[in-house]
2 protein chains.
Amino acid sequence: MQLRGPVEWALHCCAVLAGLAPGRYLPTRDLADFHGVPKEYLSKALQALSQAGIVESTLGPSGGYRLARAPDRITFLDVVEAVEGRTPSFVCTNIRRNNPCLSPAEVKSLCTDAKPCAIARVMWDADRAWRDKL
Amino acid sequence: MQLRGPVEWALHCCAVLAGLAPGRYLPTRDLADFHGVPKEYLSKALQALSQAGIVESTLGPSGGYRLARAPDRITFLDVVEAVEGRTPSFVCTNIRRNNPCLSPAEVKSLCTDAKPCAIARVMWDADRAWRDKL
DNA sequence: ATCCTTAAGGATATTGTATATCCGCAATGC
DNA sequence: GCATTGCGGATATACAATATCCTTAAGGAT
């Protein structure tokens, strides 16, 4: 279970943008050169940040990106979730229901929304603890 | 960032083995049938658990797996790390060092073991919080 | 002793996702 | 008008996850 390159890039880009002079924009090319990462691919991560409302952009010469709000109002979680998505790190596929010994009625009562299995609960708690730290 | 099928299987297998009569073994085939997952692939996860000393195995008829110690001495983290590995969820690739504006001396002083960059520190703290919950 | 069963581990095929690039479009500033 | 830039779609490539197969060695039953 590992976070991808784009997440690291997005975090560092935000750090750079946080130090940018007010009103200025920084284009993708500069951010890419600055970090030594592929410009076109980094662009995807920046677009995700843009759609999440973390950064805002302007077109044309002297265009680029800047933070959409004060740095202290942007959390690591904001950036990570914008790029990586919001799906929890553990997905319960209800494999307990595959037990061939169970009757259909028993299957239906397993891992319902009201009472997820204990394993999923623990994994989800840990996932929440992780996100709370970001 | 998502945990894979084998991790979920391993957790459920340990749960099943925890309810096994003392001294008994449960073969891979039964665990696979019970959970409706491919036997050969599940076998790899069980081998990982075995190598980690979480379960122990016996060959021959009536062979299979059982827990190597009491269930309350096996944590979720033990199982997850045995199957998924121990590499942290965030890996710092030191992209700050790629900055073409930096002198070689400055590059060397960035993201050293003694003083990793602030971003990596936060991500590692979150990773630790996640593992502490497991 | 022989045969069946089982885990262990290597090799390999298949699938899927991450990575990376390219192109056309629309908007901005000169 | 023109160069620049972000945006989104489409597509190619690389790599990891998934899944299966096969051989080996060991335990148990007859």
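Throughout, a chain's letter reflects where its sequence line sits, starting with A, and its residues are numbered from 1. Small disclaimer: the values here were computed from a predicted structure and weren't measured. What's counted below: heavy atoms across the whole structure, side chains too, no hydrogens, waters or symmetry copies.
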task = Would you mind reporting whether A/R69 and A/I74 have side-chain heavy atoms less than 4.5 Å apart?
result = yes
ask   = Can you check the A/R66 CZ to D/dG6 P distance for me, whole Å?
value = 14 Å
remark   = Residues B/P6 and B/Y41: closest non-hydrogen pair is CG-OH, 3.8 Å
query = Do the side chain of B/E84 and the main chain of A/M1 share a donor and acceptor less than 3.5 angstrom apart?
reply = yes
OG1 on B/T75 to CD1 on B/I54, rounded to 0.5 Å = 7.5 Å
inquiry  = I need the CZ-P distance between B/R29 and C/dA8, as an integer number of Å.
reply    = 15 Å
task = Would you indicate, yes or no, if C/dA8 has its OP1 or OP2 atom less than 4.0 angstrom from a side-chain nitrogen or oxygen of B/S50?
result = yes
key: Atom-to-atom span, CZ of A/R4 to C1' of D/dA16 - whole angstrom   = 8 Å
ask   = Roughly how many Å is it from CG in A/L26 to C1' in D/dT5, rounded to a whole number?
value = 13 Å
Cut-off 3.5 Å, no hydrogens considered: what does the side-chain donor-acceptor table look like for residues 17-33 of chain B, sequence neighbours left out?
{"unit_1": "B/Y25", "atom_1": "OH", "unit_2": "B/T58", "atom_2": "OG1", "d": "2.9"}
{"unit_1": "B/Y25", "atom_1": "OH", "unit_2": "B/R66", "atom_2": "NE", "d": "3.4"}
{"unit_1": "B/Y25", "atom_1": "OH", "unit_2": "B/R66", "atom_2": "NH2", "d": "3.1"}

task = First locate atom SG of A/C13, then atom CD1 of B/I95, and finally report the distance between them rounded to the nearest 0.5 Å.
result = 7.0 Å
B/D132 and A/K133 ion-paired at < 4.0 Å = no
note = Taking every heavy atom of A/H12 against every heavy atom of A/H35, the minimum-distance pair comes out as CB-NE2, 3.5 Å
task = May I ask you to list the residues of residues 51-59 of chain A, by number, that have any heavy atom positioned under 4.0 Å from an atom of DNA chain D?
result = A/Q51, A/S57, A/T58, A/L59
note = Here the residues of residues 31-47 of chain A within 4.0 Å heavy-atom distance, strictly under, of DNA chain C are A/P38, A/E40, A/Y41, A/K44
